[in-house]
Amino acid sequence: MEDSTTTTTTTTMAAAAATLVPPWLESLLSTPFFSICQAHGDATRSECNMYCLDCAGGDAFCYYCRANRHNTHRVIQIRRSSYHDVVRVSEIQSLLDIGGVQTYVINSARVLFLNERPQPKTAKGVAHACEICGRSLLDPFRFCSLGCKLVGIRRNGEGSLVGEKGISELREGAEHGIFHCTSPLPLPPTTSNARRRKGVPHRAPLRS
């Protein structure tokens, strides 16, 4: 028989996670992009790389569908890097707390990946790795993608904002489908044995 304390803790964590995740995020992460629009297949910009946050749960659509059906909605554009879906930080950071997620500069724009990218095996001696999938990271972030951050929030039931004021603001934003951008998540203690960089050497004073 399951312990009542464990059940209560699990329920509390699930409830907390629900308030920390906007209603459109899961749908965004599971939506396939870059198919050819059936209505505008002959047009030059017919790739379905747009997603509407106000019509959460809908399919991806193209540039022309946006003008016809979503011109007054909140829409983000998905891009591709090495066959994986990315979104520009400038488009998502006002809608979602991306703190703790590794970002990259691609074609002069800072982006982040939507979902986990398979990696055969984490190389030895890697200083930073995703807490969820173990993928090696360039910088001391906690997650490799929005998808892994979502798993982390639901697994740990922890908030992405520090302090009661931040949690209150996040709940208020979640009610309106908005996940406020905040400072990065606190990082766990590192176990890296990398050497610290030495200071600039100084010459001994010359003797007369």
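Linking Ile, Leu, Val, Met, Phe, Trp and Tyr residues whenever their side-chain heavy atoms come within less than 4.5 Å places I76 and V101 in a single cluster. Following chains of ILVMFWY side-chain contacts shorter than 4.5 Å, one cannot reach M50 starting from V111, and the two form parts of different hydrophobic clusters. With hydrophobic clusters built from ILVMFWY side chains whose heavy atoms lie under 4.5 angstrom apart, L146 shares a cluster with L53. Under the 4.5 Å side-chain contact rule for hydrophobic residues, I92 and V75 do not share a cluster. Hydrophobic clustering of Ile, Leu, Val, Met, Phe, Trp and Tyr side chains at less than 4.5 Å, counting indirect connections, keeps F61 apart from F34.
In this structure, CD on Q119 lies 7.5 Å from SG on C133, to the nearest 0.5 angstrom. Distance check, rounded to the nearest 0.5 Å: CZ of F141 to SG of C130 gives 12.5 Å. Taken from SG in C65 to NE2 in H70, the straight-line distance is 6.5 Å, to the nearest 0.5 Å. Atom CG of D59 is separated from atom OG of S27 by 8.5 Å, given to the nearest 0.5 angstrom. Here CG of L29 is found 8.0 Å from OG of S145. Values are rounded to the nearest 0.5 Å. In this structure, OG1 in T103 is found 10.0 Å from CD in Q93, a value given to the nearest 0.5 Å.
Qualifying side-chain hydrogen bond (donor to acceptor under 3.5 Å, both in side chains) partners for Q102, counting only residues two or more places apart in sequence or in other chains: D139. For H84, there are no ring-ring contact (aromatic ring centres under 6.0 Å, His included) partners, not counting sequence neighbours.
A side chain to side chain contact (heavy atoms under 4.5 Å, CB included) with V87 is found for one member of L114, I98, L96 and no other, namely L114. When V86, T31, L28 are each tested for a side chain to side chain contact (heavy atoms under 4.5 Å, CB included) with I78, only one passes: L28.
Side chains of R135 and E116 form no contact here, defined as non-hydrogen atoms less than 4.5 Å apart.
Evaluation of the salt bridge (Lys or Arg N to Asp or Glu O under 4.0 Å) test over residues 21-38, restricted to residues two or more places apart or in two chains, returns E26-R154. Among residue pairs with one or both ends in residues 85-112, those qualifying as ring-ring contact (aromatic ring centres under 6.0 Å, His included) are Y104-F113; sequence neighbours excluded. Evaluation of the salt bridge (Lys or Arg N to Asp or Glu O under 4.0 Å) test over residues 76-94, restricted to residues two or more places apart or in two chains, returns R79-E91, R80-D85.
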### Task
Would you please test R74 and L95 for side chain to side chain contact (heavy atoms under 4.5 Å, CB included) and show each step?
CA-CA 10 Å; R74 296 175 300 162; L95 303 167; 3.9 Å; yes
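In terms of modelled atom types and a separation under 3.5 Å, the side chain of K149 and the main chain of R142 share no donor-acceptor contact.
Taking all atoms of both residues into account, the shortest heavy-atom contact from S136 to V126 is CB-CG1, 3.5 Å. Contact detail for G134 and A129: the closest heavy-atom pair is O-CB, 3.8 Å.
Annotation for N115: atom CG counts as buried by contact number, over 12 foreign heavy atoms lying within 6.0 Å. In the displayed structure, N107 atom CG is contacted under 6.0 Å by at most 12 heavy atoms of other residues, nucleotides or ligands.
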Side-chain atoms of residues 42-49: list all donor-acceptor pairs with protein atoms under 3.5 Å, sequence neighbours left out, distances to 0.1 Å.
from : atom 1 : to  : atom 2 : distance (Å)
T44  : OG1    : Y64 : OH     : 3.4
S46  : OG     : A43 : O      : 3.4

